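Structure, as C-alpha cells:
Lettering of chains follows the sequences in order, A, B, ..., and the numbering in each one begins at 1. These figures come from a predicted structure and were not determined experimentally.
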Amino acid sequence: MKIENIIQKGVEAALAELYDFTPVANQIQIQNTRKDLDGDITIVVFPFLRVSKKSPEQTGEEIGIFIQQNVDVVNSFNVIKGFLNLEITKNYWIDSLLDAYTNENFGISSEGENPNTVMVEYSSPNTNKPLHLGHIRNNLLGFSISEILKANGNKVVKTNIVNDRGIHICKSMYAWQKWGNGKTPENSGIKGDHLVGEFYVEFDKHYKAEIAELVEKGLSKEDAENQAPSILAARELLLKWEAKDDETLNLWKTMNTWVYDGFEITYKKLGVDFDKIYYESETYLVGKKEVLRGLKKGIFYQKDDNSVWADLTNEKLDQKILLRSDGTSVYMTQDIGTAKMRFEDYSINEMIYVVGNEQNYHFQVLAVLLDKLGYKWGKDLYHFSYGMVELPSGKMKSREGKVVDADDLVEDMIKVARNVANELGKLESLSDSEAAETHRMIALGALKYFILKVDPKKNMLFNPEESIDFNGNTGPFIQYTYARIQSVLRKAAEKNISIHKNISVETISAKEKDLLKRVSLYPSIVNEAANNHSPAVIANYCFELVKEYNQFYHDHYIIGETDEEIRNLRLILSSTVASVIKKGMNLLGIEMPERM
RNA sequence: GCCUUGGUAGCUCAGUUGGAUAGAGCAACUGCCUUCUAAGCAGUAGGUCAUGGGUUCGAAUCCCGUCCAGGGUACCA
C-alpha cells in the first residue's frame with residue numbers, strides 16, 4: 001500500500017480515538033517532509049486544532065504518539081510548529097525499492113476489463129507548408145500525452161486530421177500554376193512539403209503587393225483584400241475543387257502527395273505516429289451534410305446570401321458561420337464531420353484535441369454545435385489547449401516565412417550534438433554508425449525535453465541562439481545519467497558481481513533514502529501527469545530523480561564499495577533508477593543511449 | 001470595446017487541493033578528475049512572487065481593483 005494511504009488511515013484512527021472526530025475529504029493534509037528536517041512524511045495539524053482545542057504543538061504531539069504506537073511503518077516523530085513529521089522505517093523503504101526493482105510494469109496501471117478508449121487528435125497539419133517549431137510542440141505533446149494515458153490503463157487511438165483541402169492549399173496551387181515553371185521535388189531536389197511551402201509564401205508576396213496597389217487606387221483595405229486578383233483566383237480554384245474539376249483535382253493530388261512524402265520523413269524523425277489518419281477532403285462533406293440537416297431542423301439559419309449560420313448568443317458565444325455564401329465549407333464544417341465519423345468508427349469514451357490555445361473559441365463553439373446536433377458526447381470533448389512557441393522576435397508567421405523549420409531545427413541539433421560529443425572526446429569507442437545514432441538520440445532528447453518540460457498551458461520562448469543546451473536541466477543530462485548507470489552495471493557484470501534480492505543492510509544513508517523515496521513516487525507522478533494532461537510533470541520528476549542520483553553517485557562508491565551487502569543495495573538502487581528514468585523518458589518519447 | 005490567458009532571480013522555467021526559511025537550470029565568480037563516465041558534484045552571488053487592497057492561524061497560490069503582455073472576437077485555418 002502507498003505510504004500516503006497508510007498514514008491517512010493512521011491519522012483518521014488517531015482523530016477518531018483522540019477527539020472523536022471524523023475528517024471530511026482533504027482535511028488531512030499529507031506531504032513530504034522538507035529535506036532539511038528530520039522525517040519523511042509530514043502532517044499539517046492546523047485543521048485539527050478546532051477539535052483538539054489545544055495548541056498546535058500539543059495536538060501534533062498527541063497524534064504523533066498515537067501513530068507511532070499504532071502504525072507499524074512509523075518509526076518516530078517530531079513536531080515543529082504546527083507540523084507533525086513522521087519518520088518511516090528503513091524496511092518500508094527497502095520493500096518499496098524491491099517492488100520497483102522487480103516489477104517490470106512499475107508505474108503502469110494495467111488495463112481493466114473495460115479500459116477507457118481515448119482518442120487523441122494531434123499534429124493536424126495544413127498541407128500547404130512544412131512543419132515548424134509550433135507543430136513540433138503539438139506533435140510532442142500529442143504523442144506524449146497518448147503514452148501517458150496508455151500508462152494509466154487507457155486504450156488510446158492516436159489520430160491525425162490532415163487539412164488537405166481549403167483555401168490555403170488553393171493558394172499554393174495557384175502560385176505553382178502561375179509561377180511554378182513545372183518545378184517538382186524531383187527536378188528541384190527540394191523536399192516536397194518545403195517546395196509547396198515556398199509557393200504559399202510566393203502567393204502571399206503577390207497578394208500583399210496587389211492589396212497595396214488597390215489601396216493606392218483608393219479602395220478600402222477590406223475591399224482590396226477581397227478583390228485582389230490572386231485571392232479571386234485561389235477562390236475560383238476552391239470552387240473548381242469542390243465541383244470536382246479534373247485538372248484542379250489532379251494538381252491538388254500531386255501537390256498533396258509531395259507534402260505527405262515530406263511530412264512522413266519529419267514524423268519519422270520526430271518519432272511520432274498515428275493509428276488512424278483522417279483527411280479533411282473525406283470528412284468535410286459529412287460535415288456539410290450535418291450542417292444542412294441542422295438547417296432543416298431549424299437549429300441553424302440561412303442568410304439572404306445563402307450563407308449558413310449558428311446563433312450561439314444564448315450560449316454567450318457569437319454568431320458562427322458554417323457554410324460560406326458560395327456554399328463552400330469552413331474549418332468548423334469539417335470538424336463536425338470528422339467528429340461524427342470518428343464516433344462512428346470507434347467506441348470513444350473520451351476525445352482529446354491537441355490544438356493551440358489560439359483556438360479556444362473554436363472548440364467551445366464546436367462542443368456546443370455538436371451538442372445542438374444531438375450528439376451527447378459533444379460537450380464532453382476535451383480541448384488540450386497548449387500555449388504558443390514564441391521567438392525572440394515574437395510569434396512565428398508561416399506566410400512571412402518567419403518560422404523555425406522543423407527539419408532544419410532537427411538537423412542543426414544533430415550537428416551541435418556531434419560537435420559537443422567530439423569536443424568532449426566521448427563516443428570514441430563507438431563505430432561511426434553507433435556514434436551517429438547516439439548523436440541523433442541526444443539531439444532529439446535535448447529538443448524534446450526542452451519543449452516538454454514546460455507546462456503545456458503556457459506560452460514558451462524559443463531562442464535559436466541559446467535555448468538548446470546540453471548541461472543542467474536538459475534531456476542530455478538525464479541521458480548522461482542513464483548512460484553512466486549502464487556503465488556501472490556493465491562494469492559490475494564484467495567483475496561477475498551478481499545482484500541478489502535479499503537486501504540486508506544495517507542502515508541506509510540520507511542520500512540513499514532520498515533516492516529511494518523519489519523512486520517510490522514514480523507511479524503517482526504518472527498518474528498526476530495524466531490527470532493534469534501534462535508531460536511536464538514527468539519531465540520535472542525525471543530531472544529531480546537524476547539530480548539526486550548524481551549526488552548519490554558522487555558521494556558513494558558502488559562497485560568500489562567493500563561491504564557486499566551495501567554494494568548490492570547500491571546496485572539495485574542504481575539499476576532501478578535507470579529503469580525508472582527510461583520508463584519516464586519513454587513517456588516523453590525520449591530514447592536513452594547506453595553510452596555517451 | 002468585449003471575452004480570455006498570463007506576469008516568480010539578468011535569462012529560461014518549477015512551485016501539488018492555501019502550509020514551515022519561494023526553488024532549479026543557464027549566464028557570472030570559486031573549488032573538486034592517479035579509484036565506478038567532470039555532458040558531473042559542491043559553493044558564492046542574485047527576489048517587495050507586476051502592483052494596491054481583501055479573505056485567515058497562514059497567500060506566489062483564493063477574491064476585487066489597477067498596470068503590462070499574449071490570444072480570440074461573424075464568410076482565414
Are A/Y200 and A/F203 an aromatic pair by the rule of ring centers under 6.0 Å? no

In whole Å, what is the span from the CG atom of A/N360 to the C1' atom of B/G70? 12 Å

Relative to each other, are the rings of A/H533 and A/F384 parallel, tilted or perpendicular (30° and 60° limits)? tilted

Below 4.0 angstrom from OP1 or OP2 of B/U4, is there any side-chain N or O of A/N357? no

Assign A/T42 to base, sugar-phosphate, or nothing according to its heavy-atom contacts below 4.0 angstrom with the strands shown. base

Within residues 328-339 of chain A, the residues having a heavy atom closer than 4.0 Å to RNA chain B are A/V330, A/Y331

Mate of B/C2 across any strand shown (Watson-Crick or G-U wobble, both atom pairs under 3.5 Å) is B/G72

Length of the CG-P vector between A/N473 and B/G40, whole Å: 11 Å

Does A/Y361 get its side chain close enough to the base of B/U4, under 3.5 Å, for a donor-acceptor pair? no

Is a donor from one side chain sitting under 3.5 angstrom from an acceptor on the other, for A/E210 and A/H206? no

Looking at B/G52, which nucleotide sits across from it as a Watson-Crick or G-U wobble partner, both distances under 3.5 angstrom, or is there none? B/C64

Separation of A/F450 atom CZ from B/C11 atom P, in whole Å? 15 Å

Could you tell me whether A/M460 contacts a base, only the sugar-phosphate backbone, or nothing, with contacts defined as non-hydrogen atoms closer than 4.0 Å? sugar-phosphate

Syn/anti state for B/C29 [syn: chi within 90° of 0]: anti

Closer than 4.0 Å, any side-chain N/O of A/K316 to the OP1 or OP2 of B/C3? no

Does A/R570 come within less than 4.0 Å of A/E565, counting only side-chain N to carboxylate O? no

Is A/F83 stacked on the base of B/G19, with ring centres under 5.5 Å apart and planes under 30° apart? no

Which part of the nucleic acid, if any, lies within contact of A/K320, taking any heavy atom under 4.0 Å across all strands shown: a base, the sugar-phosphate backbone alone, or nothing? nothing

Starting at the 5' end of RNA chain B and moving along, which residue's nearest nucleotide shows up first, A/Y480 or A/N85? A/N85

Ignoring hydrogens and angles, state whether a donor on the side chain of A/Y549 or A/E544 is under 3.5 Å from an acceptor on the partner side chain. no

Can you tell me if the side-chain N/O atoms of A/K547 get under 4.0 Å from OP1 or OP2 in B/G23? no

Determine the contact category for A/I442: base if any of its heavy atoms lies under 4.0 Å from a base atom, sugar-phosphate if only primed atoms, P, OP1 or OP2 are that close, otherwise nothing. base

Would you kindly compare A/W309 and A/L37 by the position of their nearest RNA chain B nucleotide and give the one closer to the 5′ end? A/L37

Smallest heavy-atom separation, A/L322 atom then A/A310 atom, equals CD1-CB, 3.9 Å

Sugar-phosphate, base or nothing in reach of A/I559, heavy atoms under 4.0 Å: base

Measuring to OP1 and OP2 of B/A42, would you say a side-chain N or O of A/Q551 lies under 4.0 angstrom away? yes

Provide the Watson-Crick or G-U wobble partner of B/C13, both distances under 3.5 Å; none if there is no partner. B/G23

Between A/K491 and B/U35, does any side-chain N or O lie under 4.0 Å from OP1 or OP2? no

Would you check if A/F46 stacks with the base of B/G19, given a 5.5 Å centroid limit and a 30° plane limit, both strict? yes

Please report the shortest heavy-atom distance between A/E594 and A/K582, naming the atom on each side. OE2-NZ, 4.3 Å

On the nucleotide B/C36, are OP1 or OP2 found under 4.0 Å from the side-chain N or O atoms that A/R490 carries? no

Considering only NZ, NE, NH1 and NH2 on the basic side and carboxylate oxygens on the acidic side, decide whether A/D305 and A/K303 come within less than 4.0 Å. no

A/K458 NZ - B/C13 P separation (whole Å): 9 Å

Look at A/R324 and B/A77 and indicate whether a side-chain polar atom (N or O) is within less than 4.0 Å of OP1 or OP2. yes

Look at A/E358 together with A/K395 and state whether they make a salt bridge at an N to O cut-off of under 4.0 Å. yes

